[in-house]
Number of protein chains: 2
Amino acid sequence: MESRVETNPDPEVVEEWLLESKQRKACLSLYVRCEVMYDGRASASLAAGDRLVLTKPDGSFVVHADSGCDPQNWMPPGASINIVDTDPVTISATRSDPNELIRVTCEEVYHASIMPMDDDAELNLEGTEADLQDYVFENPEVIEDGFRSTEKEKETAAGPVDIWGYDSNGEPVLLELKRRTAGPDDVDQLRRYLDHLEIEVRGILVAPSFSDRSLEMLDKHGLESREVEPQAAGRDEYHSLSDF
Amino acid sequence: MESRVETNPDPEVVEEWLLESKQRKACLSLYVRCEVMYDGRASASLAAGDRLVLTKPDGSFVVHADSGCDPQNWMPPGASINIVDTDPVTISATRSDPNELIRVTCEEVYHASIMPMDDDAELNLEGTEADLQDYVFENPEVIEDGFRSTEKEKETAAGPVDIWGYDSNGEPVLLELKRRTAGPDDVDQLRRYLDHLEIEVRGILVAPSFSDRSLEMLDKHGLESREVEPQAAGRDEYHSLSDF
DNA sequence: TGATCCAGCTCGTAC
DNA sequence: GTACGAGGTGGATCA
């Protein structure tokens, strides 16, 4: 299937291309003037304006306006996307569990574009919490002298804790890791895990930085903090690439 | 400015259109085969594949692949987007605070489309937590007989609590509201607010449903739960529109 | 399928 | 500007 693009396409073309895009591995983009209605987990309406509508073969659906990273309206993968009217062109995206509906009513379709998507690549991401976990597990001395890490994702009654280990006195230690500035909710999470343990355990929140309130909360509950930067293997390359 | 679209555009056209889109209130969409590199808060790489690149006049930048609601790579509003090379066409999006860089290297540009975005509409969303807050505040009896709500967003040492009131015995009550199923983190949040109060206060978590673990935690800490459905004004319209 | 938690979360708001 | 919390969060993972 070739990619195609058309300006001011007939409604029938839009309908046909949407069908094609579903049968094959293609996205359909529509640059339109439209109203949008959503109902489901909440309900929303959006008055007429110019937007970009993008449908994907997995049933994902997004409506982008002229600002912001996030779409104004969307449907997660698995939705059923259809042209339900051609005068005016009206697109619906529905799913169940939960029942949700988006209806896009287009007073004009400026461009339509069908885009076969040949893409086998997977995103390779570094610097996640999992990477931080590996780093701290392999380099327990960044926590403190004599710390030994013994287990990742150790199961407890309250769920798996990031890292479990023992300090130089043989006392058990529980680490909760965060890849960014820690806040009150992160202290709560650490506290929750400790609450569910029968025994006395040191709790340490590990993050690159801490908000004032999180530090107060840690202090109040007899918990500790350690500043550890997330490790991103790409850092070096970054500086050579950017120079900005 | 007219909208325009071109297949297999020259690099110079892409460069010119990107400039135009920034000067005026237009988005630029590029259907390309590209590699993507990101470095900043983390680092990521994405091997060659077909994708849709969308730039917005506020500096937002997204790269959509053929699946999923979320972009594979993105930059929030405020980024500087530029063509840094024309052979091959290479797009960069950078920002500072934090320093971040995306570089999109296009081995092919299938379509380019410049899309003036005339859009003054604001999204009207109903069924949010704020709506639930109003509803419970105005209808305190949904919590229990004799409950009086006296304050929304009442300031405390731990931050503002959703609703403050008094029960039929004149005892103070603190409500934490959630518009969806409550989990462990929501119990923690309620508990955090109570911890910072000097006096004894009843704590009630209000949500449409509760996970088992959240109920255990509430029980363990002497807290309460109330099932309240979020109110969406659009519900009625929804059923008449969808019938699915 | 549901529950839990991470995310380069994004986004708005208040301090 | 940072901090905090909501979000129609989305998405992955594991029971």
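Because only heavy atoms are used, hydrogens play no part in the values below, and waters and symmetry mates are left out as well, while side chains stay in. In what follows, chains carry the letters A, B, and so on, assigned in the order in which the sequence lines appear, proteins first and then strands, with residues in each chain numbered from 1.
Atom C1' of nucleotide C/dC9 and atom NZ of A/K178 are separated by 12 Å, given to the nearest angstrom. Atom CG of A/D185 and atom C1' of C/dT4 are 15 Å apart (whole Å).
Note on A/N73: a base of the nucleic acid sits closer than 4.0 angstrom, heavy atoms only. Within 4.0 Å (heavy atoms only), A/E176 reaches sugar-phosphate atoms of the nucleic acid but no base atom.
The 5' end of DNA chain C is approached more closely, in terms of each residue's nearest nucleotide, by B/Y38 than by the other of B/Y38 and B/E155.
Looking only at side-chain heavy atoms (C-beta outward), B/V136 and B/R226 stay at 4.5 Å or farther from each other. Within the 4.5 Å cutoff, the side chain of B/F147 has heavy atoms near those of the B/L175 side chain. Using a 4.5 Å cut-off on side-chain heavy atoms (C-beta onward), B/V173 and B/I143 make no contact.
Under the salt bridge (Lys or Arg N to Asp or Glu O under 4.0 Å) criterion, the residue pairs touching residues 43-56 of chain A are A/R33-A/D50, A/R51-B/D119, with sequence neighbours excluded. Pairs engaging residues 65-77 of chain B under the side-chain hydrogen bond (donor to acceptor under 3.5 Å, both in side chains) rule: A/K25-B/D66 [sequence neighbours left out]. For residues 31-58 of chain B, the ring pair (Phe, Tyr, Trp, His ring centres under 6.0 Å) pairs, not counting sequence neighbours, are B/Y31-B/Y110, B/Y31-B/H111.
Applying the ring-ring contact (aromatic ring centres under 6.0 Å, His included) criterion to B/F61, with sequence neighbours excluded, gives no partner residue.
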Interface polar pairs with nucleotides 1-4 of chain D, N/O, under 3.5 angstrom:
unit_1, atom_1, unit_2, atom_2, d
D/dC4, OP2, A/S211, OG, 2.7

Using a cut-off of under 3.5 Å, enumerate the N/O to N/O pairs linking the protein to nucleotides 10-13 of chain D.
unit_1, atom_1, unit_2, atom_2, d
D/dG10, OP1, A/R41, NH2, 3.0
D/dG10, OP1, A/W74, NE1, 2.7
D/dG10, OP2, A/R41, NH1, 2.9
D/dG10, O3', B/D70, OD2, 3.4
D/dG11, OP1, B/C69, N, 2.8
D/dG11, OP1, B/D70, N, 3.2

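Contact annotation: B/Q189 reaches the phosphate of D/dA6 (side-chain N/O to OP1 or OP2, under 4.0 Å).
Rounded to whole Å, the P atom of C/dG8 lies 23 Å from the corresponding atom of C/dT4. Straight-line distance between the P atoms of C/dC11 and D/dG11: roughly 15 Å, to the nearest whole Å.
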Audit row: A/D39, A/R103, salt bridge (Lys or Arg N to Asp or Glu O under 4.0 Å) steps and yes/no: CA-CA 9 Å; A/D39 211 342; A/R103 197 181 51 185; over 6 Å; no

